[in-house]
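One structure below.
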2 protein chains.
Amino acid sequence: MARVTIVQVAERAGVSTASASRALNGLIASAETVEKVMQAARELGYVADATAQSLKRGKTLQLGYAVADIGNPVYVEIMSAIERVVQASGYRLIISSTGTASSSVDVVRDLSRGLVDGMILSPLRVTDDLIAALEAAPIPFVVLGRVPDSAGFDAVRADSSTAMRLVVEHLAAEGRRSLAFLNGPADTTPGALRLEGFRAAVAMHADVRSRLAEAADFTITAGYEAAMPLLTAADRPDAIVAANDLIGLGVLRAAEDLGLSVPSDVAVTGIDDTELAAVVRPGLTSVDLGADARGAAAAEMLLARIADPSRPAHVLTVTPSLVVRGSTVPQRPVALGSAALATPTDEEERTAG
Amino acid sequence: MARVTIVQVAERAGVSTASASRALNGLIASAETVEKVMQAARELGYVADATAQSLKRGKTLQLGYAVADIGNPVYVEIMSAIERVVQASGYRLIISSTGTASSSVDVVRDLSRGLVDGMILSPLRVTDDLIAALEAAPIPFVVLGRVPDSAGFDAVRADSSTAMRLVVEHLAAEGRRSLAFLNGPADTTPGALRLEGFRAAVAMHADVRSRLAEAADFTITAGYEAAMPLLTAADRPDAIVAANDLIGLGVLRAAEDLGLSVPSDVAVTGIDDTELAAVVRPGLTSVDLGADARGAAAAEMLLARIADPSRPAHVLTVTPSLVVRGSTVPQRPVALGSAALATPTDEEERTAG
DNA sequence: CTGAAAGCGCTAACAC
DNA sequence: GTGTTAGCGCTTTCAG
């Protein structure tokens with residue numbers, strides 16, 4: 001438990017701390033010195049103090065990912081992609097969960113205090129406070145999500161309008177004529193964009209009626225509760241478009257509890273195409289927003305900016321694709337084989353945006 | 001993007017850096033000084049450099065959670081509990097995902113280099129290397145899981161043997177006589193312990209036959225693939241005990257693809273009682289290993305040790321409870337109401353260990 | 001190739 | 001109450 005410093009290593013090796021440092025870091029030093037220092041370090045169990053190193057070097061070799069709602073599997077997927085890219089370039093990734101309620105502002109301020117060299121964030125709400133904090137941040141960051149163009153930030157976005165269009169077109173093609181959009185909180189960025197996308201998509205179908213509802217949260221439970229009134233209404237919609245997979249799952253459970261059958265009584269769709277959508281029965285038709293691609297792109301963007309701070313701001317939009325499952329189209333008998341679980345195949349059609 | 005230091009703040013305020021520091025940290029200083037310093041700091045957008053602060057203070061006010069497999073929802077649940085406790089005591093939590101393959105050794109070494117004041121870890125494998133790294137670590141840590149008693153570490157454990165006993169007793173009581181235990185990798189700590197627990201539990205039932213199988217991973221896909229041969233065997237078991245919920249879900253999907261009905265043809269159980277178990281149909285009977293309680297306890301233990309390093313090592317074992325759902329007992333018609341989704345109620349029986 | 005010394009940004013004694 | 005100074009542990013000029 002006792003901290004051993006480079007001074008002790010140097011003493012034991014009978015050299016100066018400068019030589020010890022050089023030997024430890026693989027800089028020029030005689031073979032003999034390296035030998036002595038390494039052995040001393042080993043015997044003492046020396047590990048360089050990261051705090052001191054960072055202070056001296058002016059960088060931490062750490063990157064941060066601030067995520068609002070780690071309970072949502074889609075963020076775990078994004079995180080894994082980020083981690084893959086980040087690790088490959090010698091950085092360490094630290095995750096900071098900001099909690100779904102509180103704003104990310106504190107996290108941005110906190111982590112940019114010298115703990116990380118750059119960060120990626122998936123904010124649920126992009127407030128003025130957050131923008132201000134980002135502008136004032138002494139380190140580069142990449143935003144996963146929509147952010148005002150004027151700000152000139154690096155960003156990676158999903159394409160909500162195409163996503164919603166894919167869903168609405170699919171449902172209309174399946175003969176659905178009364179759609180309900182079950183959003184998450186509309187004051188969140190994804191909520192606002194998906195709502196906008198839904199409205200635009202529905203406007204293109206004159207024969208399709210629509211209504212709006214809002215769940216308290218992007219969770220299964222909130223989806224369940226918000227679905228109940230929709231499903232028990234006298235003029236029940238024949239399709240419910242959920243703003244994400246978790247809400248969609250809640251709708252599925254609510255329909256079941258009400259004895260409604262999916263998709264014959266009501267079709268249901270989600271967004272994000274998480275593993276949950278594939279595992280549940282009936283499978284949840286969903287739109288893959290390219291979580292993996294977005295995470296990887298964000299990480300690469302951040303690394304590129306760190307390498308070249310004067311680089312112009314980039315904004316990348318990832319194209320979504322529709323994955324059709326049993327919640328909108330009556331299920332065909334499933335072919336045997338594990339592939340069905342992994343990636344969409346025979347039983348699942350995929351339509352790019 | 002430019003770093004502003006306390007020197008600049010002090011200059012602008014016309015005071016010494018010491019006074020600036022005192023004012024900023026709320027130590028004794030005249031009202032006038034505080035005023036001037038605060039304003040200068042605000043104007044400059046000053047944020048204290050955490051690296052320098054940590055170096056000077058000898059502590060970071062950060063705690064770490066190293067988790068092998070963040071893709072498993074049970075770890076997300078544990079993480080949330082840890083975060084709750086940690087935040088309440090003024091520390092910040094950083095998560096480090098070690099990846100399911102690589103050992104946690106690197107993470108332990110990395111984070112204990114001065115980045116955090118203490119850490120909690122959920123290792124998948126407790127190797128000698130890991131033990132050695134922990135013993136050499138200059139900071140306190142708490143292990144979530146089984147660790148050799150001799151080591152004298154702080155630890156919080158689930159009770160695998162009781163968990164397996166609950167499952168086996170339940171299945172036996174339901175008339176199942178041919179059990180298969182579908183483990184995850186047996187060279188992991190949870191794998192080894194659950195296997196041991198299953199063996200012991202089954203030994204208490206002379207009339208129950210059993211067999212063993214192993215999935216390549218604690219995932220849905222691995223569970224699916226490993227379940228196939230079990231379910232297509234000539235002497236198909238009448239119950240499959242999965243080592244965790246994800247594997248159990250894979251079994252459910254495999255049974256479905258084979259046209260087997262659950263629970264009449266085969267009963268299935270999981271472990272961890274994640275939200276997935278409640279959401280899938282039929283609901284997956286599972287054992288709640290107390291993820292939330294374990295996470296919270298680990299965090300409290302860590303804080304206690306930081307407060308008092310000489311405190312004797314504590315080991316806490318959390319009692320599991322069985323949650324019965326449709327995968328083992330034919331489903332009764334479900335009562336209306338969202339409660340069904342949240343906590344086990346009418347439709348779900350809960351049996352403490 | 002090596003050692004002495006400076007200094008990263010901050011806080012904490014210590015005098016005043 | 002305030003300024004001066006030392007120093008956290010490390011890396012990195014700069015002489016030698």
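These numbers were taken from a predicted model, which means no experiment stands behind them. All chains are named by letter (A, B, ...) in the order of the sequence lines, taking the proteins before the strands, and each is independently numbered beginning at 1.
A donor-acceptor contact shorter than 3.5 Å is absent between the side chain of B:Asn25 and the backbone of B:Leu27.
For B:Asp128, the CG atom counts as loosely surrounded, since its 6.0 Å shell holds 12 or fewer non-hydrogen atoms of other residues, nucleotides or ligands.
The interatomic distance linking A:Ile28 (CD1) with D:dC14 (P) rounds to 14 Å, in whole Å. Rounded to whole Å, atom P of D:dC10 lies 11 Å from atom CG of A:Asn25. The separation between A:Asp49 atom CG and C:dG9 atom P is 17 Å, rounded to whole Å.
At a non-hydrogen distance threshold of 4.0 Å, B:Ala52, B:Gln53, B:Lys56, B:Arg57 from residues 52-62 of chain B come into contact with DNA chain C. Less than 4.0 Å separates DNA chain C from at least one heavy atom of each of the following residues of residues 7-16 of chain A: A:Val15, A:Ser16. For the contact set between residues 30-47 of chain A and DNA chain C, defined by any heavy atom under 4.0 Å, the members are A:Ser30, A:Thr33.
When each of A:Leu121, A:Asp154, A:Leu303, A:Leu316 is paired with A:Val142, the side chain to side chain contact (heavy atoms under 4.5 Å, CB included) condition holds for A:Asp154 and for no other. Tested against B:Met119, the residues B:Val143, B:Leu134, B:Val107 include a single side chain to side chain contact (heavy atoms under 4.5 Å, CB included) partner, B:Val107.
Looking at A:Arg22, its side chain comes within 3.5 Å of the base of C:dG3 through a donor and an acceptor atom.
Contact annotation for B:Ala29: backbone-only contact, meaning every heavy-atom pair under 4.0 Å involves sugar-phosphate atoms and none involves a base.
Checking A:Thr17 against B:Ser19, the closest nucleotide of DNA chain D that is more toward the 5' end is the one next to B:Ser19.
Of all non-hydrogen atoms in B:Tyr65 and B:Ile78, the two that sit nearest each other are OH-CG2, 3.5 Å.
Distances shown here put every side-chain N or O of B:Thr5 at or beyond 4.0 Å from the OP1 or OP2 atom of C:dG9.
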